[in-house]
Enquirer: 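Submitted below is the structure of interest, expressed as structure tokens.
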Amino acid sequence: MQLPPALHARLSAGPAATEPLPVQRDPAAGAAPFRFAARRVRFPREHEFFEDGDVQRHLYLQDVLTQVAGPPERPRVPEFTCQVAGCCQVFDVLEAYEHHYHALHRNVCSFCKRAFPSGHLLDTHILEWHDSLFQILAERQDMYQCLVEGCTEKFKTSKDRKDHLVRRHLYPADFRFDKPKKSSGCGHRSPSTSRSPGPPAALQELAGALGEGSLPLEGEDMEVCSEHTAPPAEPRGERRTHGHRIPSTICFGQGAARGFKSTKKRNKQQ
Amino acid sequence: MWSQRHGRLRPVGCGVEELRRRRREREAALRKARREQQLVSKRLLRDDAPEEADGGCVAPILGETEIQQFLRLSQRGTEEKERERALVTLRRGLQHPETQQTFIGLEGSMRTLVGLLTSNQALLQLEAARCLHELSHSEQSVVAEACLPATSYLLTYVSGHSSDLIELCLYTLGNLIVESEAVRRQLLPQGIVPALAACIQSPHLTVLEALGYALSQLLQAKEAPEKIIPSTSAGSSVLGSTLPQHMLQLLQPGPKLNPGVAVEFAWCLHYIICSQVNNALLITHGALSTLGLLLLDLAGAVQRSEDAGLELLVCPVLRCLSNLLTEAVVEAVGGQMQLRDERVVAALFILLQFFLQKQPSLLPEGLWLLNNLTANSPIFCTSLLSLDLIEPLLQLLPVSNVVSVLVLTVLCNVAEKGPAYCQHLWPGPLLPSLLETLAFSDTEVVGQSLELLQLLFLYRPEAAQDFLQQSGLQALERHEEEAQLQDRVHALQQTALHG
């Protein structure tokens, strides 16, 4: 297909609309037995006209999105340490650091040092856990905000909110990032209040895992944070021992800034 | 962007012939699936089937005990590295359908995986997300649907900040979305649209591309025109969100335009527009001018030979423009609403030439846009003439019957505007070309040629004389018996002979 040479230049030149030639129609045009009428055509999504283009699109998808095979080649940099106080994780690939930072340090509550997956959940946590005004207001109006972004509903209690999450938003009943704050301080473990329904066996299994990897604090329940659900049946005694056994100077590289604060401080946060 | 991905993910050790054969097979399967779309087929949309594991990085198929072992190690290993390794091994094993089946059959396995996904161990999180991703694009419904308990968490992380994790979650969600309407019925109330709307503001290109993919899958769903796109539907919908504005921003031409990202959002836009829900809204957001400028940009890229894979982006852009031009609001007089820039015509021809070389099956789509541009527009018809584009257009006639009909239709668009236009059509190469198309056997091609001749004879009577002299009558005669053509043939014979 030979294009006039001036065409390419035309493209680079500025916008312009040529003065159109005068239009002058004769009623005989397109009159029977002829039928032509100039008209714009639209095709709906299912139309076979789109078949070729659609097939090409899907071939592209298949070629590209076979597998997110694993970490892509990432250039290495000289080793460096995470700059967050108390975290001594070392990195030699920037993207790994980025993920580490975002997972563990980014949305961290400055009061209790818990890490959250998103700013939204962090904000909700701070409001519901560390804002004394919240508790007061909550007695008079619906303060518990739905956790789903875009949903503006508020509720009187966190249980009501959970019910809403389950019924309206089809969230799992044991959504890990929605555990109610324990009203009582440490030492009180009321299995009925802050438990989520679920097969105890599975929870036990998880509990075991969590006991090792995370930093259990005394009398602490795993509430709105990105740590695992707390097991209902893990004996308190075991945890306490755990807490004492690990010296505070050892860093697990996971929000260790939380440290092992004394329980006194914890008690203040009701 | 594209070539990087292609390079990374092509199967190693496959000969060129083998690749071609696979491609042909897949293409045939896709065509069949698309045709069956008329019959409502779920399978159609799951075109994210994984490549068969080739000789390259093969992990052994894992059995029940091994899976349990690796899961336990990931959870409870004493050393971080050990836990990671265990999970990586599991993830590799999950590339096999057999391992996937075994995995989902194990009680508590998904729960454990979700636990690892939501753990505070950054690397375990990523590996767990990769495991989920493997499961998500299984061809087996039961495997992909086993991921459903994880969706609320995937959405939570999409609102997070780690671009690696977000990217993974988005591709996984995209795979799950096309699985079935049941999955979408869960994802929509879980807030997938607001999550995507928030995420589209990310500066990371990899995230944006993944988001575009997930969104395009959502918009392709059969129920999308009723349940996902319209802004009147309960909860959040695509048109009710800020997604359209951001999509258009990501399609703005310029140095920041990323082809991989643009492809995804162009397809998103196409699915929205061809659903005919509320295109006027898109036009008020400047869709016509953005897409028009993008078209110019793409033609420029073709001119500079930076056109690798460009047809993947050009195709949806053409479709969007063509469909948008049919909106009533475009007819309204008011500079911005209408495309007036004649460079669009120049760009389109450059792209038509490009299609002719690279992807002739897309020529009809390009010509469809040309029809919609010229049908009611004296400006663009004049451009065709002043830019000397009639002859190049005629050169497309032999490509195929569909293309011929479209070319002739465009020419009719020009001719029907009257004598001033037909003056430029004859004398010239048009009449000889028409005499050739009259020799075609396809009724539609011949029929459209007859229409064009009528217009030409009406507005340029001298052309009729020329026609006679070039044995036009004989060319007409061969169609005298054809039911669909006879009346018009006779009418033309009369006109030519008697004026």
Side-chain angles (χ1 to χ4, degrees), chain A residues 1 3-4 7-8 10-11 15 17-18 20-26 28-29 33-34 36 38-40 42 44-45 51-55 58 60-62 64-68 72 95 99-100 102-103 106 117-118 120 148-150 169-172 175-176 202 206 209 212 214 226-228 254, chain B residues 5 9 30-31 34 47-48 50-51 75-76 108 111 115 118 120 122 133 152 156-157 159-162 164 186 189-191 194 236 274-275 312 315 323 325-326 340-343 346 353 356 361 372 375 378-379 382 386 388 392 395 412-413 416-418 420-421 451 454-455 458 487-488 491:
Chain A
M1 188 189 183
L3 294 176
L7 198 69
H8 300 271
R10 184 67 197 87
L11 195 63
T18 43
L21 294 165
V23 177
Q24 196 185 342
R25 293 189 178 93
D26 188 317
F34 296 93
F36 179 78
R39 54 183 187 86
R40 295 170 171 155
R42 63 163 59 154
R45 28 181 13 190
E51 180 178 307
D52 282 296
D54 284 356
V55 166
H58 282 258
Y60 168 71
L61 286 179
Q62 289 188 4
V64 175
L65 297 175
T66 47
Q67 287 166 18
V68 183
E95 285 79 6
H99 176 62
H100 162 90
H102 288 310
R106 172 78 183 252
S118 69
H120 175 67
V148 173
E149 295 215 48
H169 296 295
L170 307 184
Y171 264 50
F175 188 61
R176 284 149 214 272
L206 278 169
E212 323 271 312
S214 50
S226 55
E227 290 170 329
H228 296 282
Q254 41 190 345
Chain B
R5 275 224 118 101
L9 298 167
L30 284 169
R31 277 189 202 283
R34 199 196 182 277
D47 291 320
D48 51 350
E51 285 283 335
Q75 278 182 305
R76 306 182 193 186
R111 202 174 171 74
T118 54
N120 248 353
H133 185 76
S152 57
T156 303
Y157 285 116
S159 306
H161 298 279
S162 161
D164 275 354
Q186 172 168 311
Q190 284 184 345
S236 48
C274 68
S275 301
L312 294 158
C315 172
N323 267 329
L325 283 171
T326 65
R340 290 175 161 268
D341 193 342
E342 77 162 1
R343 291 180 300 171
Q353 186 189 52
L356 188 59
S361 59
N372 283 9
I379 291 179
T382 307
S386 62
D388 266 325
Q395 288 169 19
C412 285
N413 287 347
E416 70 92 28
K417 305 264 180 313
Y421 294 77
E451 299 286 341
Q454 193 240 358
L455 293 167
L458 185 62
D487 295 338
R488 291 181 280 176

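Here is the naming used below: chain letters follow the sequence lines, and residue numbers restart at 1 for every chain. Just so it is clear, the values below take in all heavy atoms, side chains as well, and ignore hydrogens, waters and symmetry mates. The structure displayed is predicted, hence computed values, not measured ones.
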Enquirer: Looking at every non-hydrogen atom in both residues, tell me the closest pair between B:Glu342 and A:Arg10 and how far apart they are.
Expert: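 In this case the closest contact between B:Glu342 and A:Arg10 is OE2-NE, 2.8 Å.
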Enquirer: Select one option (side chain, backbone, both, neither) describing which atoms of A:Val55 are under 4.5 Å from chain B's heavy atoms.
Expert: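 Backbone plus side chain of A:Val55, per the 4.5 Å heavy-atom cut-off to chain B.
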Enquirer: How close do A:Pro22 and B:Tyr421 get, counting heavy atoms only, and between which atoms?
Expert: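 Distance-wise, the nearest heavy atoms are O-CE1, 3.3 Å.
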Enquirer: May I ask you to name which of B:Leu455, B:Asp388, B:Leu458 has the most heavy-atom pairs under 4.5 Å with chain A?
Expert: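 Top option by heavy-atom pairs under 4.5 Å: B:Leu458.
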Enquirer: Can you sort out the partners of A:Glu149 under side-chain hydrogen bond (donor to acceptor under 3.5 Å, both in side chains), two or more places apart, ordered by chain and number?
Expert: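 With sequence neighbours excluded, A:Glu149 shows a side-chain hydrogen bond (donor to acceptor under 3.5 Å, both in side chains) to B:Ser159, given in chain and number order.
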Enquirer: Tell me, side chain or backbone of A:His8 under 4.5 Å from chain B's heavy atoms, or both, or neither?
Expert: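 Both the backbone and the side chain of A:His8 come within 4.5 Å of chain B.
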Enquirer: Report yes or no: does A:His102 contribute a side-chain atom to a donor-acceptor pair with the main-chain N or O of B:Gly160 at less than 3.5 Å?
Expert: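 Absent.
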Enquirer: Can you name the closest pair of heavy atoms from B:Cys274 and A:Arg45 and give their distance?
Expert: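 Nearest pair, atom of B:Cys274 first, then A:Arg45: SG-CB, 3.4 Å.
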Enquirer: Measuring from atom CG of B:Leu30 to atom NE2 of A:His58, what distance do you get when rounded to the nearest 0.5 angstrom?
Expert: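 Nearest 0.5 Å value for the CG-NE2 distance: 7.0 Å.
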Enquirer: Closest approach of B:Thr382 and A:Pro20, non-hydrogen atoms and distance?
Expert: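 Closest heavy-atom pair between B:Thr382 and A:Pro20: OG1-CA, 3.3 Å.
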Enquirer: Which of the residues A:Pro172, A:Pro33, A:Ser118 is involved in the greatest number of heavy-atom pairs with chain B at under 4.5 angstrom?
Expert: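 Most pairs with chain B among the choices: A:Pro33.
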Enquirer: Which one wins on heavy-atom pair count under 4.5 Å against chain B: A:Pro44, A:Gly150, A:Gly53, A:Ala28?
Expert: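 Highest number of pairs under 4.5 Å: A:Gly53.
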Enquirer: Just so I understand: if I count every heavy-atom pair under 4.5 Å between each of B:Pro392, B:Ser386, B:Cys315 and chain A, which residue has the most?
Expert: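 So the answer, after comparing B:Pro392, B:Ser386, B:Cys315, is B:Pro392.
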Enquirer: Between B:Ala375 and A:Arg40, which heavy-atom pair has the shortest distance, and what is it?
Expert: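 B:Ala375 and A:Arg40 have their closest heavy atoms at CB-N, 3.9 Å.
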Enquirer: For residues B:Leu325 and A:Arg42, determine if any side-chain heavy atom of one lies less than 4.5 Å from a side-chain heavy atom of the other.
Expert: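 No, side chains not in contact.
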Enquirer: Can you tell which of A:Leu3, A:Val23, A:Leu11, A:Leu21 has the highest number of heavy-atom pairs within less than 4.5 Å of chain B?
Expert: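 Counting heavy-atom pairs under 4.5 Å, the top option is A:Leu21.
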Enquirer: Side chain, backbone, both or neither: which part of A:Arg106 has a heavy atom under 4.5 Å from chain B?
Expert: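 Looking at A:Arg106, just its side chain touches chain B.
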Enquirer: Report which part of B:Cys412 has an atom under 4.5 Å of a heavy atom belonging to chain A: side chain, backbone, both, or neither.
Expert: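 Looking at B:Cys412, backbone and side chain both touch chain A.
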Enquirer: Go through B:Pro378, B:Gly418, B:Pro189 and name the one with the most non-hydrogen pairs under 4.5 angstrom from chain A.
Expert: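 It is B:Pro189.
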Enquirer: NE2 of A:His120 to OG1 of B:Thr156: how many Å apart, nearest 0.5 Å?
Expert: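 Atom-to-atom, A:His120:NE2 and B:Thr156:OG1 are 9.0 Å apart.
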Enquirer: Determine whether more than 12 heavy atoms belonging to other residues, nucleotides or ligands lie under 6.0 Å from atom CZ of A:Arg25.
Expert: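 Enclosed.
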Enquirer: Please answer whether the main-chain N or O of A:Leu170 pairs with a side-chain N or O of B:Gln190 as donor and acceptor at a distance below 3.5 Å.
Expert: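 Flag set: sc B:Gln190 to bb A:Leu170 pair under 3.5 Å.
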